[in-house]
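Please read the structure below before turning to the comments.
In what follows, chains carry the letters A, B, and so on, assigned in the order in which the sequence lines appear, proteins first and then strands, with residues in each chain numbered from 1. Side chains are part of it too, since the values below use all heavy atoms of this structure and drop only hydrogens, waters and symmetry mates.
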Amino acid sequence: MTNREIADILQRIGDMLDILGENRFKVLAYRRAAENISHLGQDVRTYWRAGTLQEISGIGPAIADKIDELLTTGHLEFYERLQDQVPTGVVSLLEIPDVGPRTAKLLWDQLGLQSVAEVEAAARSGKLQTLPGLGAKSETKILAGIEALHRRSDRIPLGTAWPVATALLEELKATCADVLQATVAGSLRRMRATIGDIDLLASSEVPAPVMRAFAALPPVAEVLLSGQTKTSVRLHNGLQVDLRVLEPDRWGAALQYFTGSQAHNVHVRELAQKQGLSLSEYGFKQQGNGEILCPEEAEVYETLGLPWIPPELREDRGELEAAQTGELPRLVEWDDIQGDLHAHTDWSDGAGTLEEMAQAARAKGYHYLVISDHTQSLGVANGLTPERLRAQRAEIEALNAQYDDFTLLQGCELEIKADGSLDFPDQVLAELDFVVASVHTSLRQDREQITERVMNALRNPYVDVIGHPSGRLLGQREESAVDLDAVIRAAAETGTALEVNSIPTRLDLDDVHARRALELGVRLAINSDAHHAGGLDSLPYGLATARRGWATAGDVLNALTLEEIRAWRKARPGVGQGTHKSGR
DNA sequence: GCCGTTTTCGGCCCGACTGTTTTCAGTCG
């Protein structure tokens with residue numbers, strides 16, 4: 001049973017207790033436990049075997065017992081009893097926007113409705129507005145919610161949402177002179193891999209014209225709600241965007257609040273309470289004597305005696321405890337990045353020439369770029385044979401002769417084949433400056449098989465980095481069954497780096513596993529995996545993902561200079577000596 | 001149900017918006 005499965009069950013228990021009207025803090029406890037388990041980064045069974053389940057935040061004796069029962073017997077009596085009381089279909093009603101636990105219970109109790117389809121039929125025949133507390137407007141709203149559910153697009157990749165959000169901000173500032181400040185907030189500012197909707201924040205002395213201007217922007221298709229300080233719209237491309245407008249002297253408090261995450265904010269407000277303060281998006285209220293406004297975001301944290309916390313860390317995964325003890329990491333920044341260790345050219349499936357890629361990398365101020373074209377067995381990508389690899393080498397050397405501030409390195413993206421063997425023999429790999437090894441085929445193999453494939457690549461002394469280790473494609477393909485926990489532990493032993501691939505639909509490793517890798521001392525390679533010159537521009541998304549994994553410059557391979565990377569390769573077990581490691 | 005540099009018991013973040021209710025409940029983030 002995986003972390004995901006256990007978290008799902010705890011989440012559903014929370015939902016069912018909520019519908020039954022249980023104490024809301026008990027409901028919250030189950031949801032918190034579910035959240036924390038799904039972001040654990042290592043197998044919950046590791047804690048279970050060690051008898052340390054209660055060391056996981058949000059897990060006490062009662063939930064620990066339930067996890068123990070699940071892992072021991074494969075089922076949970078408490079959960080099964082709840083399922084007898086609340087039909088699964090009733091829980092599914094919570095997926096309808098604007099239907100919460102109270103409304104779900106009402107629909108079930110009064111009309112016996114147990115599925116979204118049944119609710120839809122009842123709404124169309126006008127039965128919902130006969131219920132106590134619901135009227136015609138509620139019925140219309142629920143129908144609209146069901147329609148939204150049906151055409152619900154999945155969460156949007158960060159790389160898709162970011163340009164949309166920044167364009168909207170530019171348009172808003174250009175069309176409305178009353179806007180003093182405007183920025184991205186919410187999960188987008190925290191740089192989550194995917195986002196549900198776009199949150200924007202603006203400051204102005206007069207909110208009303210700002211919100212009118214926002215609602216009138218050309219990309220806006222419909223206004224979903226509009227109040228005094230908040231407007232919510234849907235764009236023609238289907239994205240939902242929320243804009244909140246506040247006075248400039250409350251900007252910092254508002255930005256802190258609107259950036260979230262919700263769990264982070266709850267924790268921050270609890271800390272405020274302990275100091276006799278109440279924190280909201282308007283600032284701090286002191287008991288009896290007035291307010292503390294925070295024009296700057298850092299002042300919110302300062303008021304609580306804390307350093308400013310980078311948005312990427314605000315997930316309530318230990319950042320507040322680290323801030324209190326002065327142990328916040330100094331996160332890796334764009335200026336730390338010295339080069340890119342994974343890029344393709346038209347020698348395999350890329351669109352750019354060697355020279356175009358080199359020029360684009362130089363223009364970014366990089367000092368090196370690894371050309372890592374696909375290898376021979378990946379025929380669809382025009383993978384390189386050893387002969388073509390040597391021909392490419394000659395071109396690379398000719399280009400390098402022209403640069404004194406920049407170096408192209410020759411590498412490859414070495415295919416880890418379905419049977420676990422590598423696509424080149426060691427003597428070919430030994431000629432290369434750098435090797436990224438990746439899985440592209442047979443991604444549906446079972447856990448043991450696909451894990452062993454990656455392990456085999458890790459054990460090869462010439463393999464420097466494992467590329468996109470999980471194989472996920474956001475919104476298209478789940479990650480493979482590979483045991484990332486085992487891969488990370490093995491990478492720590494062999495001194496191999498793991499990639500944080502920056503392609504917006506990959507971001508692989510993800511933040512959670514990147515953090516786990518760093519805990520075990522594994523270096524990260526933040527790579528663009530560019531297939532054309534513009535592809536190099538995606539690196540900031542990988543950088544953000546690594547930052548969400550608490551990475552410092554010292555944790556990142558391509559924050560090293562070229563000389564340091566060469567030294568790192570030499571120092572790795574087996575490489576400098578040109579000998580094979582034992583234990584293959 | 002969890003948790004503790006004010007607590008092992010008594011707390012548990014805070015406000016916007018909507019709809020229907022004439023003073024507030026439900027939902028959301």
Subject >> Sequence neighbours excluded - side-chain hydrogen bond (donor to acceptor under 3.5 Å, both in side chains) pairs with any residue from residues 108-117 of chain A >> reply: A:Lys105-A:Asp109
Subject >> For DNA chain B, the residues among residues 270-281 of chain A that have a non-hydrogen atom under 4.0 Å from it >> reply: A:Glu270, A:Gln273, A:Lys274, A:Ser278, A:Leu279, A:Ser280, A:Glu281
Subject >> Spacing of the C1' atoms in B:dC28 and B:dC13 (rounded, Å) >> reply: 14 Å
Original post:
How far does the C1' atom of B:dG11 sit from the matching atom of B:dT7, given to the nearest Å?
Top reply: 9 Å
**OP:** Measure from CG on A:Asp199 to P on B:dG29 and round the result to the nearest Å.
**Re:** 9 Å
Original post:
Taking only residues at least two apart or on different chains, which pairs with a member in residues 11-26 of chain A satisfy side-chain hydrogen bond (donor to acceptor under 3.5 Å, both in side chains)?
Top reply: A:Arg12-A:Tyr79, A:Asp15-A:Arg31, A:Asp18-A:Arg31, A:Glu22-A:Lys26
Original post:
Does OP1 or OP2 of B:dA16 have a side-chain N or O of A:Ser232 closer than 4.0 Å?
Top reply: no
**OP:** Grab the CG-P distance between A:Leu17 and B:dC2 for me, whole Å please.
**Re:** 12 Å
Original post:
Looking for any heavy atom pair under 4.0 Å, which part of the strands does A:Arg244 touch: base, sugar-phosphate only, or nothing?
Top reply: sugar-phosphate
Subject >> Heavy-atom closest pair, residues A:Phe78 and A:Ile13 >> reply: CE2-CG2, 3.7 Å
Original post:
Using a cut-off of 4.0 Å on non-hydrogen atoms, how would the nucleic acid contact of A:Ala136 be classed: base, sugar-phosphate, or nothing?
Top reply: sugar-phosphate
Original post:
When the distance from CD of A:Glu139 to P of B:dT18 is rounded to whole Å, what number comes out?
Top reply: 20 Å
Subject >> Side-chain N or O of A:Tyr30 closer than 4.0 Å to phosphate OP1/OP2 of B:dC2 >> reply: no
Original post:
At under 4.0 Å between heavy atoms, what does A:Gly133 touch on the DNA or RNA strands: base, sugar-phosphate, or nothing?
Top reply: sugar-phosphate
Subject >> First encountered from the 5' end of DNA chain B, between A:Leu225 and A:Val266 >> reply: A:Val266
Original post:
From the list B:dG26, B:dC17, B:dG1, which nucleotide is the closest neighbour of the side chain of A:Arg102?
Top reply: B:dG26
**OP:** Give one of base, sugar-phosphate or nothing for A:Val27, where a contact means two heavy atoms less than 4.0 Å apart.
**Re:** nothing
Subject >> Nearest-Å distance once atom C1' is located in both B:dT5 and B:dC14 >> reply: 25 Å
Original post:
Atom CG of A:Asn23 to atom C1' of B:dG1: distance rounded to whole Å?
Top reply: 8 Å
Subject >> A:Gln275, CD: over 12 other non-hydrogen atoms inside 6.0 angstrom >> reply: yes
Original post:
Contact class for A:Tyr257 vs. all strands (heavy atom < 4.0 Å): base, sugar-phosphate, or nothing?
Top reply: base
Subject >> For atom CZ of A:Phe258 and atom C1' of B:dC17, their distance in whole Å >> reply: 13 Å
Subject >> Residues A:Arg190, A:Glu319: salt bridge by 4.0 Å N-O rule >> reply: no
Subject >> Sidechain-backbone polar pair: A:Ser38 side chain, A:Glu35 backbone, donor-acceptor under 3.5 Å >> reply: yes
Subject >> Distance, P atom - from B:dT22 to B:dC17, rounded to whole angstrom >> reply: 22 Å
Original post:
How would you label the contact of A:Ser261 with the nucleic acid (heavy atoms, under 4.0 Å): base, sugar-phosphate, or nothing?
Top reply: nothing
**OP:** By nearest nucleotide on DNA chain B, pick out whichever of A:Gln228 and A:Asp197 is the more 5' one.
**Re:** A:Gln228
Original post:
Between residues 47-64 of chain A and DNA chain B, which residues have a heavy-atom gap below 4.0 Å?
Top reply: A:Ser57, A:Gly58, A:Ile59, A:Gly60, A:Pro61, A:Ala62, A:Ile63
**OP:** Before accepting this row, confirm whether a basic side-chain N of the pair A:Glu519/A:Arg516 lies closer than 4.0 Å to the acidic partner's carboxylate O.
**Re:** yes
Original post:
Between B:dC17, B:dT27, B:dC2, which nucleotide has the shortest distance from any of its atoms to the side chain of A:Thr103?
Top reply: B:dT27
Original post:
Below 4.5 Å, heavy atoms only, C-beta onward: do A:Val44 and A:Ile56 meet side chain to side chain?
Top reply: yes
**OP:** Sticking with atom C1', work out how far B:dT18 lies from B:dT23, rounded to a whole angstrom.
**Re:** 15 Å
**OP:** Can you tell me the distance, in whole Å, between the CG atom of A:Leu131 and the P atom of B:dA25?
**Re:** 19 Å
Original post:
How far does the P atom of B:dC3 sit from the matching atom of B:dT8, given to the nearest Å?
Top reply: 16 Å
**OP:** Kindly say if A:Ser138 contacts the phosphate of B:dT20, meaning a side-chain N or O under 4.0 Å from OP1 or OP2.
**Re:** yes
**OP:** With sequence neighbours left out, write down each residue that passes side-chain hydrogen bond (donor to acceptor under 3.5 Å, both in side chains) with A:Glu120, or none if nothing qualifies.
**Re:** A:Arg124
Original post:
Taking atom P of B:dT18 as reference, at what distance in whole Å does atom NZ of A:Lys230 sit?
Top reply: 9 Å
Subject >> Rounded distance in Å - CZ (A:Phe284) to P (B:dG15) >> reply: 13 Å
Subject >> Sidechain N-carboxylate O distance under 4.0 Å for A:Arg192, A:Glu315 >> reply: no
Original post:
Taking the same atom, C1', in B:dA25 and in B:dT20, what whole-Å distance lies between them?
Top reply: 10 Å
Subject >> Partners meeting side-chain contact (heavy atoms from CB on, under 4.5 Å) with A:Asp197 (sequence neighbours left out) >> reply: A:Asp199, A:Gln240, A:Asp242
Subject >> A:Lys285 side chain near B:dG15 phosphate (N/O to OP1/OP2, under 4.0 Å) >> reply: yes
**OP:** When you get a sec, tell me which of B:dG29, B:dT18, B:dT27 is the closest nucleotide to the side chain of A:Asp98?
**Re:** B:dT27
**OP:** Between B:dA16, B:dG1, B:dT27, spot the one nearest the side chain of A:Ala29, thanks.
**Re:** B:dG1
**OP:** Using the P atom on both, measure B:dC12 against B:dT6 and round to a whole Å.
**Re:** 16 Å
Subject >> Shortest non-hydrogen contact from A:Ile195 toward A:Ser187 >> reply: CG2-OG, 3.2 Å
Original post:
For B:dT8, which nucleotide is its Watson-Crick or G-U wobble mate, given both distances must be under 3.5 Å?
Top reply: none
